[in-house]
**Q** 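I'd like to ask some things about the structure below.
These values consider heavy atoms only, across backbone and side chains, with no hydrogens, waters or symmetry-generated copies. All residue numbers refer to positions in the sequence shown, counting from 1.
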Amino acid sequence: HRGQRDHKRRSGVATFVAAQFTSVCLPPAGRSDIWVGASGFSGPGGVWVSVNEGGSWTKITGNQGGLGAPEGCWRITREPNGKVLLAGGNGALGTVLYEFNAANWNNPATYTWTDLSWPGIDRPQDAPLVAALADGRIVAGSIYGGYNGGPNSLRTQIRSLAGLWSPTDSLGGTMPAWQRTPAPVLIEGGRNALVQDPADANRWFMAGGYGPFRTTNGGGSWQYIVNG
């Protein structure tokens, strides 16, 4: 299979010249795969893997079932099942979220990938946000700072264990003094990071272009963090 052969390419130090790195993902216990990603906003973009503690790097290239490898990367994370998620991708094609699997994580030649992007993406905007929740659900979001597109394409999304996507960005509570009037009812501005409280599975923190946010009901509603 040509795609299987093409996507393993050794990379020297020169490959990384001028790259704008955006994410690094270290291996869990029992694994050796270190991932780094570059946005492509300035310099080369894409994702590289090392399985020998950085001694050499393999850039993920090629094609899997008609799906090209990511051309840019904003965030890399791991799912509880060991698979790797990458937000960024090929925004021009509406492919903004990749899931990687492998027959052998110590051998990049065995890596495969699929498109997990939510439906209805109607503009070439990358996704800078992806987070894997402890129960296996996935949260992802667009880099775009508004909602003047399709009804769901530019909103923060959550993927159920059944593989269904739905928006998770209702906004309420106390607003910052600078917020416009009338206050928005959906989170505005790009989102770029989400952390789940390890002591409370329903408490998440999210950072974005317009400030930090918190939910205490598993994404059912969000509030600005304006105090402590």
Side-chain angles (χ1 to χ4, degrees), residues 3 6-27 33-64 67-78 84-100 108 111 113-118 121-132 138-150 153-157 187-195 205-213:
D6 281 358
H7 74 265
K8 183 174 184 292
R9 188 172 77 201
R10 290 292 179 184
S11 302
V13 174
T15 302
F16 299 132
V17 172
Q20 183 186 66
F21 289 108
T22 51
S23 188
V24 60
C25 188
L26 300 178
D33 50 309
I34 304 171
W35 296 64
V36 297
S39 67
F41 185 79
S42 174
V47 61
W48 293 260
V49 179
S50 175
V51 294
N52 58 4
E53 299 181 338
S56 60
W57 294 88
T58 298
K59 185 173 185 182
I60 304 299
T61 63
N63 188 289
Q64 291 277 333
L67 177 64
E71 295 179 356
C73 170
W74 289 94
R75 188 163 296 276
I76 307 167
T77 193
R78 298 177 193 266
V84 174
L85 295 170
L86 181 147
N90 299 309
L93 302 178
T95 306
V96 298
L97 184 62
Y98 282 70
E99 183 180 61
F100 285 84
Y111 291 8
W113 57 85
T114 56
D115 178 13
L116 282 194
S117 307
W118 52 94
I121 295 175
D122 64 351
R123 61 183 64 217
Q125 300 291 338
D126 287 345
L129 167 65
V130 64
I138 298 168
V139 181
S142 168
I143 198 171
Y144 196 73
Y147 298 109
N148 57 335
S153 66
L154 302 177
R155 300 174 62 179
T156 305
Q157 307 280 331
I187 293 175
E188 296 179 330
R191 278 120 276 155
N192 52 33
L194 185 143
V195 175
F205 301 89
M206 184 164 63
Y210 293 169
F213 303 93

**Q** Can you tell me how far OG1 of T58 sits from CG of D33, rounded to the nearest 0.5 angstrom?
**A** 11.5 Å
**Q** Is there side-chain contact between N192 and W74, with at least one heavy-atom pair below 4.5 Å?
**A** no
**Q** Looking at I34 and V24, what are the two nearest heavy atoms and their distance?
**A** CG2-CG2, 4.4 Å
**Q** Measure the CG-CD1 distance between L194 and I138 for me, rounded to the nearest 0.5 Å.
**A** 12.5 Å
**Q** Can you establish whether the number of heavy atoms outside F205 located under 6.0 Å from its atom CZ is more than 12?
**A** yes
**Q** Classify the ring geometry of W113 against F100: parallel below 30°, tilted from 30° to 60°, perpendicular beyond 60°.
**A** tilted
**Q** Measure the CZ-OG1 distance between R75 and T22 for me, rounded to the nearest 0.5 Å.
**A** 8.5 Å
**Q** Any idea which heavy atoms bring G46 and K59 closest together, and the distance?
**A** CA-CE, 4.3 Å
**Q** So, the side chain of R78 versus the backbone of L26: is there a donor-acceptor pair under 3.5 Å, distance only?
**A** yes
**Q** For V130, which of V139, L116, L85 qualifies under side-chain contact (heavy atoms from CB on, under 4.5 Å)?
**A** L85
**Q** Using every non-hydrogen atom in the two residues, find where S56 and S50 come nearest and quote the distance to one decimal.
**A** O-OG, 2.9 Å
**Q** Within the side chain of T156, is there an N or O that forms a donor-acceptor pair under 3.5 Å with the backbone of G141?
**A** no
**Q** Would you compute the distance between atom CH2 of W35 and atom OG1 of T77 and round it to the nearest 0.5 angstrom?
**A** 12.0 Å
**Q** Any side-chain to backbone donor/acceptor pair from S23 onto I76? Under 3.5 Å, distance only.
**A** yes
**Q** So, does S117 use its side chain to make a donor-acceptor pair with the main chain of L97 at under 3.5 Å?
**A** yes
**Q** If I compare all heavy atoms of W118 with all of A140, which pair ends up nearest, and what's the gap?
**A** CZ3-CB, 3.5 Å
**Q** Which pair of non-hydrogen atoms, one from P128 and one from A87, has the smallest distance, and what is that distance?
**A** C-CB, 4.2 Å
**Q** Between P44 and A18, which heavy-atom pair has the shortest distance, and what is it?
**A** CD-C, 4.1 Å
**Q** Rounded at 0.5 Å granularity, tell me how far OH in Y98 sits from CD1 in I60.
**A** 11.5 Å
**Q** Find the distance between CZ (R191) and CG (L129) and round it off to the nearest 0.5 Å.
**A** 8.0 Å
